[in-house]
Each structure stands twice: as structure tokens, then as C-alpha cells.
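Encoded as C-alpha cells, the structure appears first; notes follow it.
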Amino acid sequence: MQRLRAHIRPRGELSVQDARDMHSLYASYYDASPAEQFAKDLAAKDWVIELREGAALRGFTTLAATDFAAAGAKRRAIYSGDTIIHHRYWGDQALATAFCRFSGALKSSDPGTPLYWFLITKGHRTYRYLGAFSHRYFPNPYGATPAEAQTCLDALARARFGAAYVGARGIVHYEESRGHLKPEWATIRPALLARPEVRFFLERNPHHSQGDELCCLAELAAENLRSYARRAFVAGLDDSPPVSIDRGMCPALPQLSSAGAGDPARAAALDSRA
């Protein structure tokens with residue numbers, strides 16, 4: 001098993017085949033994730049961080065940057081969209097390191113503006129990244145969310161999800177699931193229930209298995225990041241800023257066809273478990 005390598009690409013550079021490969025991997029883990037919806041979500045992003053083993057795609061995350069105002073101040077956020085890593089590589093830090101370095105590079109383009117990670121998650125594994133990355137993140141099991149952080153969360157979630165954002169619960173909810181883990185990947189080992197973060201996530205998002213997503217926020221600043229996350233972020237401050245976030249630079253992808261995207265033979269080629 002080779003080491004994973006991360007590649008950051010503007011979304012507009014992706015080919016139709018790249019997008020099909022991404023959907024095939026994602027659909028190996030998630031039900032209620034048709035190719036058409038995946039393509040629509042992808043078209044609203046600015047960048048993709050790919051993880052590859054040689055030429056084979058083994059994981060990715062999709063990212064969008066947005067400027068917003070909250071509590072009387074200009075701010076910027078990185079929104080994490082669809083994310084998956086092949087299960088054989090769970091624990092590999094290539095994606096985390098690339099994301100933190102990317103964040104540092106984006107921060108360097110406007111160092112005076114606070115930068116946040118706006119994450120929505122329907123899984124405890126992803127939620128736990130917040131505590132692994134940062135000292136302060138919200139919501140968390142250790143204290144109430146401060147008013148300023150809540151204002152930022154509400155502004156970001158309402159702007160992106162409209163009426164699907166249930167502010168009283170901090171949840172994005174759709175009447176029909178737009179993606180949820182397949183049963184074989186949704187099982188939580190009893191030992192994990194002893195972890196406060198896991199229990200908190202399950203309490204705050206009891207319908208995660210039906211596709212509900214918990215809205216979360218962490219400031220991306222060197223003083224708020226832990227160990228390797230901080231090192232990667234600081235290294236990114238010396239990088240050239242990422243490509244323009246102007247979506248004129250990122251034209252929409254052609255519509256994905258379902259052929260290949262949901263083909264079991266294609267999924268098997270990438271390993272049907274991710």
C-alpha cells in the first residue's frame with residue numbers, strides 16, 4: 001500500500017471522468033447520493049483536494065470560500081462539502097495536512113480578515129476532526145457556543161441552506177435525505193460511546209443516519225490550531241494564495257451521466273468500500 005499524496009485543484013480543471021470517479025467513490029459509502037445531485041453540489045465548489053495512491057483516487061474533499069459579514073465585521077469562511085477517504089486509509093493525515101496548508105495560503109491572501117472552517121457533518125468521525133485540529137470549535141461538549149460564533153454559524157448556514165437550516169437545533173435538514181452513510185459504515189462501536197465528542201454529536205444530531213447535518217465552526221488561525229495542523233497552516237502562510245475564488249474562473253461541469261458513476265464494476269475498480 002503506497003502512501004497517499006494530496007493534490008489541490010481548482011474545481012474548473014476537473015474533467016467529467018474525474019467527477020465520475022469522485023462520485024463512484026463517494027457512492028460506495030453513501031446512500032441517497034445520485035450522480036445528478038453530486039454534480040450540482042460539486043459545481044458550487046471552488047477547489048477539490050484529491051488523495052491518490054499512484055493514479056488511483058482514494059479520497060477527496062470539496063471546498064468553497066465565501067466572504068460574509070457577522071457581528072459588524074467582515075469575515076471569510078472555507079466551507080467543506082462532500083468528503084470521503086477509502087477506509088484502508090482512515091487515520092492517514094494527508095488530507096488534514098493539505099487542508100490546513102491550503103487554509104494558511106488562503107489566509108495569506110487577506111491576513112487581516114478572520115478565516116473560519118464552516119463544516120457540516122452527518123458523521124462522528126468528521127466531527128471529531130474539529131477537536132483534533134483546533135482548541136476552540138463550536139458546538140462542543142465542553143461549554144456553550146459564544147454569541148459571536150453562533151452569529152457566524154447562523155449567517156453562513158442560512159446563506160447556504162436557506163429554509164433547510166433549522167437554527168434552533170443547528171442542523172441542516174431536508175425532507176428527503178441528500179446523502180447518508182450506508183448501514184455497514186454507520187455502526188458505532190460501543191467503546192466510542194465513552195468519548196464525550198461522540199456522545200455529544202449523537203445528542204445534537206440524533207437523525208444523522210437519515211442525512212441530517214450538524215453545522216460547526218472553528219477559526220483557522222495559528223493560535224487556535226493544534227500541533228501538526230498549526231505547522232501545516234503556518235507553512236501555508238508562505239505559499240502563494242490559491243486561485244481566485246471568483247466562480248467565473250470555475251465554470252460549471254457538464255452534467256454527469258449515471259453511466260459509470262453508479263456502475264458496480266466501476267465502484268469495484270476503486271474498491272467499493274471507502
**Report entry** side chain to side chain contact (heavy atoms under 4.5 Å, CB included) between L214 and I171, worked out
**Finding:** CA-CA 5 Å; L214 180 65; I171 294 290; 3.9 Å; yes
Query - Worked check of side chain to side chain contact (heavy atoms under 4.5 Å, CB included) between L193 and V198 - result: CA-CA 6 Å; L193 296 176; V198 176; 4.3 Å; yes
Requested in this report: Kindly determine whether M22 and F38 satisfy side chain to side chain contact (heavy atoms under 4.5 Å, CB included), including the steps that lead there.
Outcome: CA-CA 9 Å; M22 291 168 63; F38 185 85; 3.8 Å; yes
Requested in this report: Just do the side chain to side chain contact (heavy atoms under 4.5 Å, CB included) check on Y89 and L95 with the steps written out, would you?
Outcome: CA-CA 10 Å; Y89 297 95; L95 181 60; over 6 Å; no
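Residue E148 qualifies as open at atom CD: its count of foreign heavy atoms under 6.0 Å is 12 or below.
In this structure, R226 contributes its side chain and G131 its backbone to a donor-acceptor pair below 3.5 Å. In this structure a side-chain-to-backbone donor-acceptor pair under 3.5 Å is present from T151 to A147.
Pairing each heavy atom of S108 with each of A105, the nearest pair is OG-O, 2.6 Å. When all heavy atoms of G81 and K45 are compared, the closest pair comes out as CA-CE, 3.7 Å. Of all heavy-atom pairs between L225 and L220, the closest is CD2-CD2, 4.4 Å.
Using a 4.5 Å heavy-atom threshold, the side chains of T62 and R11 count as separate.
F118 CZ to F68 CZ: the interatomic distance, rounded to the nearest 0.5 Å, is 9.0 Å. Here D18 contributes atom CG and F60 contributes atom CZ; the two are 11.5 Å apart, rounded to the nearest 0.5 Å. One distance of note links CG of N224 with CG of L115; it measures 11.5 Å at 0.5 Å rounding.
Ion pairing between D92 and R58 fails under the 4.0 Å rule for side-chain N and carboxylate O. Looking at R52 and E50, a side-chain N of the basic residue comes within less than 4.0 Å of a carboxylate O on the acidic one, giving a salt bridge. Salt-bridge check for R178 with D41: failed, with every basic side-chain N at 4.0 Å or more from each acidic carboxylate O.
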